[in-house]
There are 2 protein chains.
Amino acid sequence: MTAIKESSTRNENKEMSINACPVSYVMNKIGGHWKPIILYQLMSGPKRYNELRRAIPTITEKMLIQHLKQLQADDLVTRTAEPVVPPFVTYALSSVGESLTPVMEAIANWGFAQTGR
Amino acid sequence: MTAIKESSTRNENKEMSINACPVSYVMNKIGGHWKPIILYQLMSGPKRYNELRRAIPTITEKMLIQHLKQLQADDLVTRTAEPVVPPFVTYALSSVGESLTPVMEAIANWGFAQTGR
DNA sequence: ACAAGTACTTACCCTAAAGTATGTATCCAT
DNA sequence: ATGGATACATACTTTAGGGTAAGTACTTGT
């Protein structure tokens, strides 16, 4: 999973920031290119893997699972796989993920206010 | 200012996301490594260039001015230079920047709730 | 027999963002 | 005249994140 060189200045700074700035901490969980988009999709309800793919046409499969895994590791989304063939895997917001909803909405609303609609 | 290769898949995806996902739009303004930290510092009042440096010891000068310029271009912060020698330059949140305060606080509070304080 | 759908995995490459290092101009204090 | 403080600028390198492409395993439909 794209191994991390554990002692670049870059990562040290990241660690520091996460501890020093509460906003920075949150950005590491919901920031980046794809995570907010995935979370935004899941806010409208649980979705299957391929539903997410189709909902976000420009995302690659690699990025989708990579971030879904990260979001699971951060306890923001849950994965439920029904043991059938063909596979039936559903992703949903965890309770922690749900608690993000008002925050995400606050962010989105500011965006709407800025862009006019 | 680090010229942008205007037609990589990367940038096309970025453009698309900004239009499709309101959260993504906001992330482009306040996301990234340093911007939230700088904004968080300015939320406690205007600061001089070197005050910011000292408040964020791990940031390099390059990153600091680069992001300050970007934040100015996005109308989130203002720069006021008194024409004296030695220079006296103050950075502050613009009115738009101020309007971000509740959003940033919502984010920070969620972070605090998650980390326990 | 073969394509299509499910949900991934893996190897390799490219680039934007961040880091390193050094330079600029002006003034004041020692 | 040398060093420190102010607020930057600019060339050069590194790396983490993202993109490309192809493969896996199992089943249903034609």
Side-chain angles (χ1 to χ4, degrees), chain A residues 1-18 24 27-28 31-38 46-72 77 79-91, chain B residues 1-17 24 27-29 31-38 46-72 77 79-91:
Chain A
M1 208 193 249
T2 48
I4 1 103
K5 202 170 192 179
E6 73 295 304
S7 197
S8 54
T9 315
R10 211 123 151 201
N11 266 299
E12 282 163 21
N13 278 355
K14 204 168 181 178
E15 292 294 318
M16 297 232 57
S17 305
I18 287 169
S24 200
M27 288 303 175
N28 259 273
H33 210 60
W34 296 113
K35 279 195 236 163
I37 302 172
I38 296 170
K47 298 225 169 11
R48 294 184 62 177
Y49 176 80
N50 270 7
E51 281 187 280
L52 283 172
R53 280 208 60 196
R54 280 186 285 264
I56 313 167
T58 50
I59 202 171
T60 61
E61 302 199 66
K62 185 197 168 196
M63 283 298 106
L64 185 51
I65 29 123
Q66 191 173 102
H67 285 113
L68 282 172
K69 282 188 175 177
Q70 189 60 58
L71 291 167
Q72 283 175 75
V77 315
R79 191 193 102 114
T80 29
E82 260 132 273
V84 292
V85 161
F88 193 99
V89 178
T90 312
Y91 290 92
Chain B
M1 207 193 249
T2 51
I4 1 102
K5 201 170 193 179
E6 72 295 303
S7 197
S8 56
T9 316
R10 211 126 154 199
N11 265 299
E12 283 163 19
N13 278 355
K14 204 168 181 176
E15 291 296 317
M16 297 231 58
S17 305
S24 200
M27 288 301 174
N28 260 276
K29 298 223 152 184
H33 211 60
W34 295 112
K35 280 194 235 162
I37 301 173
I38 296 170
K47 296 223 170 11
R48 294 182 64 176
Y49 175 79
N50 269 6
E51 282 187 281
L52 284 172
R53 278 208 64 195
R54 282 187 285 264
I56 314 170
T58 51
I59 202 170
T60 61
E61 301 199 67
K62 186 197 168 195
M63 285 298 105
L64 184 52
I65 31 123
Q66 191 173 104
H67 286 112
L68 282 172
K69 281 188 176 176
Q70 189 60 57
L71 291 167
Q72 282 175 77
V77 314
R79 191 193 101 115
T80 29
E82 260 132 273
V84 292
V85 159
F88 194 99
V89 178
T90 313
Y91 291 93

Provide the closest heavy-atom pair for A:V77 versus A:L68 in the form atom of the first, atom of the second, distance. CG2-O, 4.0 Å
Taking only side-chain N and O atoms of A:K14, does any of them lie within less than 4.0 angstrom of OP1 or OP2 on D:dT15? no
Could you state the atom-to-atom distance from CG of A:L64 to C1' of C:dT6 in whole Å? 14 Å
Quick one: does A:R10 reach the base of C:dA17 with a side-chain donor-acceptor pair under 3.5 Å? yes
Starting at NZ of A:K69 and ending at P of C:dT9, how long is that distance when rounded to a whole Å? 3 Å
Backbone of A:N28 reached by a side-chain donor or acceptor of A:K35 within 3.5 Å: yes
Phosphate-side-chain proximity, B:S8 and C:dA16, N/O vs OP1/OP2 below 4.0 Å: yes
Integer-rounded Å distance: D:dC8 P and B:F88 CZ: 12 Å
Below the 4.0 Å mark, does D:dA16 have OP1 or OP2 next to a side-chain nitrogen or oxygen of A:N11? yes
Under 4.0 Å: is that the gap between some side-chain N or O of B:R54 and OP1 or OP2 of D:dT6? yes
Has B:T58 got a side-chain atom pairing as donor or acceptor with A:N13's backbone, closer than 3.5 angstrom? no
Could you give the CD-to-C1' distance, from B:E12 to C:dC14, as a whole number of Å? 15 Å
Using OP1 and OP2 only, check whether a side-chain N or O of A:R48 sits under 4.0 Å from C:dA7. yes
B:S17 side-chain N/O to B:S24 backbone N/O, donor-acceptor pair under 3.5 Å: no
In whole Å, what is the span from the CD atom of A:Q66 to the P atom of C:dA7? 19 Å
For A:R79, answer base if it contacts any base atom (sugar-phosphate contacts may also be present), sugar-phosphate if it contacts only those atoms, and nothing otherwise; contact means non-hydrogen atoms under 4.0 Å. sugar-phosphate
Distance in angstrom units between A:E61 CD and C:dG5 P, rounded: 13 Å
Taking atom types as modelled and ignoring hydrogens, do the side chains of B:Y91 and B:E51 form a donor-acceptor contact shorter than 3.5 angstrom? no
Answer yes or no for B:R48 and B:F88: cation-pi contact, defined as NZ/CZ to six-membered ring centre under 6.0 Å and angle to ring axis within 45°. yes
In whole Å, I'd like the distance from the NZ atom of B:K62 to the P atom of D:dT14. 14 Å
Rounded distance (nearest 0.5 Å) linking atom CG of B:L52 with atom CD1 of B:I59: 8.5 Å
Any side-chain N or O of A:Y49 under 4.0 Å from OP1/OP2 of C:dT9? no
What is the distance from CE of A:M63 to C1' of D:dT20, rounded to the nearest Å? 11 Å
If the cut-off is 4.0 Å, is B:H33 near the phosphate of C:dG19, judged by side-chain N/O to OP1 or OP2? no
Classify A:K35 by what it touches in the nucleic acid, base, sugar-phosphate, or nothing, heavy-atom distance under 4.0 Å. nothing
Please determine if a side-chain N or O atom of A:T9 lies less than 4.0 Å away from the OP1 or OP2 oxygen of C:dT20. yes
Which residue in the set A:L71, A:L64, A:I56 passes side chain to side chain contact (heavy atoms under 4.5 Å, CB included) when paired with A:W34? A:I56
Check whether any side-chain N or O of B:N50 sits under 4.0 Å from OP1 or OP2 of D:dA5, and answer yes or no. no
If the sugar-phosphate is the primed atoms plus P, OP1 and OP2 and the base is the rest, what is the B/S/- string for nucleotides 24-30 of chain C, using protein heavy atoms under 4.0 Å? --SS---
